[in-house]
Structures are given as C-alpha cells and as structure tokens.
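Data block below; observations after.
When a ligand or atom number is given, it counts from 1 through the structure's own listing order.
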Amino acid sequence: MSDSEWTKILGWPGYRVYRSEINEVAKTLRLWVRRKRGNRKLVCCGCGKRVHEIVETYEREVRDLPWSQYRATVVIELHRVRCPDCGIKREKVEQLPSKAPFSKRFEEAIGEACESAPVRRVARRLGLAASTVRAIDLRYLMRWAAGRRKPALRQMGVDEIHLGKKQKFLTVVSNLATGEPLWFGRERKKETLDGFFREQLSSFQRSAIQAACVDMWEPFRQSLEQWVPGCRIVYDKFHIMQHAGAAVDEVRRAEFFRKGGAAREVVKGKRWLLLSRWVHLNTDKKRQLNRLFALNRRVMKAYLLKESLDRLWSYRYEGAMLRYLQSWIDQLRWQRLKPMEKLAHMLLDHLEGILNYCRIKVPFGVVEAVNGNIKALLRRGRGYRDLNYLLLKAQRLAVTKTQFLVLQKAA
Ligand SMILES: [Zn+2]
C-alpha cells in the first residue's frame with residue numbers, strides 16, 4: 001500500500017503517512033506521520049496562541065484505533081516551539097489530548113466503551129491495565145464536562161447515600177430539571193451542604209433557586225435557610241413514605257416479639273410485603289397479607305394508615321391537604337400504635353415543607369433516581385475512590401439517558 005493510501009485510511013486531519021511497518025507475527029502496525037505541506041499553523045499548548053519559532057523536532061508514539069486484527073500505533077513528528085508568553089512549550093496537536101501515549105480517538109473509543117461496560121472488561125479486551133483505562137475514562141469525561149454548558153439550577157435536590165460503616169455518608173446535590181447530580185460532599189452535616197453553596201454557586205446563582213426537595217434532615221434545612229432563604233423547602237414524598245414504611249415495620253416487629261408459635265410464623269418474613277403498595281401485589285401476596293391481618297389487627301391498621309398517607313400528595317390546595325392530614329392523624333386515636341404516633345409528630349413538625357408542595361410543584365422521585373444511578377455505578381465498579389470520577393460518570397449517565405429519551409420522543 002502506498003503512503004497516500006495509508007494516509008487516507010488513517011484519516012488524521014493535517015497529517016500524512018511517510019513510513020509504515022507491518023509485523024504479521026506480532027499483529028502490529030506502525031505508521032509514521034508528519035504534517036502535510038499545507039499544514040503549517042503551530043499553536044502553543046500553554047496559551048493556545050499561534051507561534052512561529054520551532055526550537056526542536058521530536059517524535060512521540062501513541063496507540064490508535066486497531067486496524068482489523070492489527071494493533072496500530074502512530075509515530076508522530078512534533079515540534080517544541082518558543083512562545084513569546086510561555087517560553088519553550090510543546091505544540092498543541094488535536095489528536096494528542098494528553099501526555100499519555102494514546103490518540104484522541106482511541107481515548108474516545110475507550111470512554112464510550114466504559115459507558116456501557118465495566119472498566120475491567122474494557123481493559124481486558126484491549127490488553128490494558130484497569131488503572132490505565134480508568135485514567136483514560138476520567139480524561140474523556142473531563143474533556144466532555146469542560147466543553148458543555150451546564151443548565152441553570154432552579155430546583156435542587158439534596159439527599160444522602162450511605163456508603164458503609166467506614167466512609168459513612170455522601171451528600172448528593174442534584175438538579176431536579178435534568179436529573180443530574182451536581183456535587184458530592186463527604187458526610188451529611190450542615191457544613192457539608194454549606195460547602196456546596198459557598199464553593200459552587202455565585203450569589204446570583206443561589207438567588208435563582210426556587211425550590212429544594214429534601215429529606216426531613218435538620219442540618220440540610222439549616223443550611224438551605226442560611227444560604228438560599230428565598231427557596232422553598234419541599235419534603236420529598238418518597239422519603240416520608242419510607243419513614244411510614246419503617247413505622248409499619250416497627251409495629252410488625254413489636255407484634256412478632258409478643259406472639260409465639262403459629263402466629264409467629266405468619267408474621268415472620270413479611271417485612272417487604274408490608275412495605276409494598278397494595279396495588280402492586282398479586283392475588284397470592286394479597287392473600288398472604290390478609291392472613292397476617294386476620295391474626296393481627298394492629299399490623300393491619302398500621303399498613304392501612306401507611307397506604308392512605310400516600311393520598312396526601314394528591315391534594316392541590318393547602319387547606320384540603322391539611323384537612324386530609326388532620327383526618328389521618330385522627331385515625332390514630334385509641335390505636336396505641338406508638339411508631340405511627342411518632343410519625344405523625346414528625347409530619348406536624350415538618351408541616352411547612354409538606355404543604356409547600358401545594359405552592360410549588362417539584363418532581364418527586366428524581367432525587368431517588370439520581371441516587372439509584374450512583375448506587376448502580378458504585379456496585380458495578382469498585383474503583384471510585386476518586387469522587388470526582390464518580391460524579392462525572394453519574395453526570396454523563398444522566399445526560400446520555402436524557403439525550404436518549406429526547407431522541408425516542410422525537411422519533
Ligand atoms: Zn504560549
């Protein structure tokens with residue numbers, strides 16, 4: 001094959017192949033390239049300005065996309081230049097995005113592969129170390145993040161992820177409009193969220209935030225009130241229902257503890273059944289729950305209370321919502337269901353943030369979806385000691401998902 005044919009297939013804009021070498025045993029292909037005659041524009045890698053003086057010419061070898069069965073590398077002729085502003089620097093070359101020995105399109109192919117496959121598998125397929133693939137993926141994501149415009153933040157979500165006994169909690173701030181995580185902070189103190197407001201947003205950006213969807217966690221509320229006083233706090237329905245589910249479970253455990261023998265068997269292992277919504281259960285599961293309820297009226301009562309609490313968010317007017325909550329609390333009278341009474345107190349203590357849902361609509365479930373994605377990433381790859389990498393990964397996941405949805409809608 002002639003050099004001009006190699007040049008065409010390689011397809012590096014502005015560069016031509018002047019030498020090639022094929023090793024049929026090792027299955028390797030090496031191509032030597034230099035600038036085409038018309039391509040004389042040199043740019044300083046420090047400041048991005050045009051430079052004219054060449055100090056030195058040297059070569060660098062980078063791995064490029066494979067050609068059929070052949071592993072391809074490109075030896076590229078490069079220049080060191082004298083920049084009036086930066087001194088002696090490397091020239092900037094489109095196909096060489098970093099100091100690592102890989103071409104830009106090779107890194108992009110790896111970054112894309114890492115979107116759908118675990119790092120280890122990508123590494124094995126390409127015969128690279130997992131740490132190398134991770135570093136390439138991180139650079140790919142950083143280039144993507146640097147080149148995009150971030151949507152404005154009007155409604156934010158704040159939630160936490162439990163990482164385990166040692167690392168404890170991670171605070172996650174997200175944009176409810178895009179379903180994208182914006183920031184991670186270690187722990188879940190007031191100071192944690194303070195850090196987000198202080199470091200990530202200007203006072204103008206803070207003033208644009210209209211609502212925050214959060215769990216009933218006091219430190220977050222304090223931070224929000226200090227930094228975004230104009231923002232309405234809306235307590236997330238999902239979290240409130242989680243508290244309700246926990247209360248039902250507490251009732252179940254108390255009853256389970258008191259009973260013995262056959263009754264014990266019926267109550268045992270029904271935790272997740274009690275946490276499920278009635279409408280989501282099949283006939284068999286409903287029958288199982290009914291058997292449990294026949295034995296124990298208290299567990300049934302607690303379950304029904306949890307089920308009916310869900311309707312609270314179907315009201316559009318504060319008055320109606322408040323009336324419904326009052327009637328819900330009235331049902332607790334004489335029931336002696338301590339965990340449910342505790343829940344009622346909690347709801348009353350956070351009444352403003354519950355009623356705020358009537359004043360400003362926020363999409364529930366987004367915070368939970370963001371959390372779910374992050375947890376899925378954490379489960380899949382263990383290499384997220386670098387929080388910035390995890391954040392970029394989760395952002396990219398959110399954005400590609402939205403893009404996919406937009407495409408589906410358009411089609
Ligand atoms: Zn320069």
Side-chain angles (χ1 to χ4, degrees), residues 3-4 6-20 30-65 72-112 114-115 128-129 131-152 182-183 198-202 204-205 386-393 395-396 399:
D3 286 346
S4 72
W6 282 120
T7 301
K8 262 185 214 153
I9 301 176
L10 180 71
W12 277 27
Y15 283 82
R16 66 182 170 87
V17 177
Y18 66 92
R19 196 185 140 197
S20 57
R30 270 175 111 191
L31 297 170
W32 280 257
V33 305
R34 58 166 61 117
R35 284 168 172 269
K36 283 180 183 167
R37 243 173 281 284
N39 181 19
R40 279 283 148 253
K41 194 181 164 194
L42 292 163
V43 173
C44 162
C45 78
C47 60
K49 281 187 201 148
R50 186 157 185 189
V51 284
H52 298 280
E53 193 184 336
I54 295 171
V55 181
E56 184 193 5
T57 300
Y58 65 106
E59 280 184 338
R60 236 183 97 184
E61 184 164 0
V62 295
R63 190 157 161 193
D64 198 30
L65 295 175
T73 56
V74 177
V75 182
I76 178 168
E77 190 182 270
L78 293 164
H79 305 291
R80 233 177 283 283
V81 294
R82 193 185 308 278
C83 171
D85 297 329
C86 315
I88 293 177
K89 282 272 170 190
R90 289 174 290 118
E91 64 163 322
K92 193 178 165 188
V93 176
E94 179 69 24
Q95 273 300 329
L96 304 178
S98 77
K99 285 179 180 171
F102 308 105
S103 72
K104 185 173 176 224
R105 63 185 188 190
F106 184 77
E107 293 211 336
E108 265 161 17
I110 286 189
E112 275 160 31
C114 287
E115 271 163 21
L128 290 165
S131 57
T132 308
V133 170
R134 223 170 273 135
I136 291 175
D137 191 25
L138 179 58
R139 285 198 294 274
Y140 164 79
L141 291 166
M142 281 164 78
R143 282 198 292 277
W144 165 74
R148 72 188 278 244
R149 262 186 62 190
K150 288 218 168 172
L182 299 176
W183 184 82
R198 191 184 306 117
E199 291 150 27
Q200 304 290 314
L201 302 178
S202 66
F204 176 75
Q205 285 172 313
D386 180 357
L387 276 188
N388 186 41
Y389 182 32
L390 178 63
L391 180 61
L392 284 165
K393 201 85 189 149
Q395 287 177 335
R396 177 77 188 159
V399 171

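In this structure, the side chain to side chain contact (heavy atoms under 4.5 Å, CB included) partners of E59, at least two apart in sequence or on a different chain, are Y18, W32, V75. In terms of the side chain to side chain contact (heavy atoms under 4.5 Å, CB included) criterion, residue partners of Q205 (sequence neighbours excluded) are, by chain and number, L201, S202. Every residue meeting the side chain to side chain contact (heavy atoms under 4.5 Å, CB included) condition with I54, not counting sequence neighbours, appears here in chain and number order: L42, T57, H79.
Between atom CZ of residue R143 and atom NZ of residue K104 there is a gap of 7.0 Å, rounded to the nearest 0.5 Å.
For the Zn ion (ligand 1), the count of nearby protein N, O or S atoms, meaning those under 2.8 Å away, is 4.
S20 approaches L31 most closely through the heavy-atom pair CB-CD2, 3.5 Å.
Using cut-offs of 30° and 60° on the angle between ring planes, the pair Y15 and W12 is perpendicular.
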